[in-house]
Q: 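Mind having a look at this structure? Questions to follow.
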Amino acid sequence: QLQLVESGGGLVQPGGSLRLSCATSGFTLNYYAIGWFRQAPGKEREGVSCISHRDDSTVHADSVKGRFTISRDNYENKVYLQMNSLKPADSAVYYCAADSSCLLAAEHVLGWGQGIQVTVSS
């Protein structure tokens, strides 16, 4: 069973940084791509970043390119999302998700974490 647990969210000022962690269990991490999605109130869930299990290549939404970095540690069974230069528009519930490839399509996801709140506000 795919289990994913997010941590590291919270309140940060505009321009600040946060690092989200996704702890995985119940499956072999290096067999899956891991993506981060987010959902703001009244909006659809959108794909943010993804890291492939095949070659560690990454994909980022245009809105976060140059600001967010995704990485994985297959030994620790964790995936990280480093978020820099945060903006109020980045405020949302962030979810990590396991998939067979980095499509960043919510309907394609095989398993979800429970989500964690990120709020960017002064």
Q: Heavy atoms only: give me the nearest C102-V59 pair and the separation to one decimal.
A: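 The pair with the smallest heavy-atom distance is CB-CG2, 4.1 Å.
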Q: Distance check, rounded to the nearest 0.5 Å: D99 atom CG versus F37 atom CZ?
A: 6.5 Å
Q: Taking side chain as C-beta onward, heavy atoms only, is R54 less than 4.5 Å from S101?
A: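 A side-chain contact exists here, since the closest heavy-atom pair is under 4.5 Å.
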Q: Under 3.5 Å, side chain of R45 to main-chain N/O of Y95, donor-acceptor pair present?
A: no
Q: What are the two closest non-hydrogen atoms of L4 and C96, and how far apart are they?
A: CB-SG, 3.6 Å
Q: Give me the atom names and distance for the closest heavy-atom approach of S17 to S85.
A: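 It is OG-N, 4.3 Å.
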Q: Which atom pair, heavy atoms only, marks the closest approach of S100 to A33?
A: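 Closest pair (atom of S100, atom of A33, distance): C-CB, 4.4 Å.
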Q: Would you call the rings of Y94 and F68 parallel, tilted or perpendicular, taking 30° and 60° as the class edges?
A: tilted
Q: Hey, is CD on E76 packed in by over 12 heavy atoms from elsewhere, all under 6.0 Å?
A: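 Not more than 12 within 6.0 Å, no.
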Q: Is there side-chain contact between D90 and R67, with heavy atoms separated by less than 4.5 Å?
A: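 Yes. Closest side-chain heavy atoms under 4.5 Å.
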Q: Side-chain heavy atoms nearer than 4.5 Å, only ILVMFWY residues, links allowed to pass through others: does that put L110 and Y31 together?
A: yes
Q: Sort out for me which residue in V48, L18, V64 forms a side chain to side chain contact (heavy atoms under 4.5 Å, CB included) with M83.
A: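 Answer to the side chain to side chain contact (heavy atoms under 4.5 Å, CB included) test with M83 among V48, L18, V64: L18.
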Q: Please determine whether side-chain contact (heavy atoms from CB on, under 4.5 Å) holds for the pair C22 and R72, giving the CA-CA distance in whole Å, both sets of side-chain angles, and the decisive distance to 0.1 Å.
A: CA-CA 9 Å; C22 176; R72 62 193 294 152; over 6 Å; no
Q: Return yes if some donor-acceptor pair links the side-chain N/O of Q117 with the main-chain N/O of G9 below 3.5 Å, else return no.
A: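 Judged by distance alone, no pair lies under 3.5 Å.
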Q: Backbone N or O of L11 within a donor-acceptor pair of the T119 side chain at under 3.5 Å?
A: no
Q: Taking all non-hydrogen atoms of both residues into account, name the closest pair between R38 and S63 and its distance.
A: NH2-OG, 3.5 Å
Q: Is a side-chain donor or acceptor of S91 paired with a backbone partner of V120 at a separation under 3.5 angstrom?
A: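 Checking the backbone N and O of V120 against the side chain of S91, a donor-acceptor pair under 3.5 Å is found.
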Q: Looking only at non-hydrogen atoms, find the nearest pair between W36 and S21 and report the distance.
A: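 Distance-wise, the nearest heavy atoms are CH2-O, 3.7 Å.
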Q: Are I34 and L29 side-chain neighbours, meaning at least one heavy-atom pair lies under 4.5 Å?
A: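 Yes; the side chains approach each other to less than 4.5 Å.
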Q: Considering only heavy atoms from C-beta outward, does the side chain of L81 approach that of S49 to under 4.5 Å?
A: yes
Q: Would you mind reporting whether E6 and L20 have side-chain heavy atoms less than 4.5 Å apart?
A: no
Q: Is there side-chain contact between I70 and H60, with at least one heavy-atom pair below 4.5 Å?
A: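 Yes; the side chains approach each other to less than 4.5 Å.
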Q: Side-chain heavy atoms nearer than 4.5 Å, only ILVMFWY residues, links allowed to pass through others: does that put L86 and I116 together?
A: yes
Q: Hey, mind stepping through L2 and W112 against side-chain contact (heavy atoms from CB on, under 4.5 Å) and telling me if it holds?
A: CA-CA 8 Å; L2 301 174; W112 294 97; over 6 Å; no
Q: In terms of side-chain geometry, is the basic nitrogen of K65 or D62 positioned less than 4.0 Å from the acidic oxygen of its partner?
A: yes
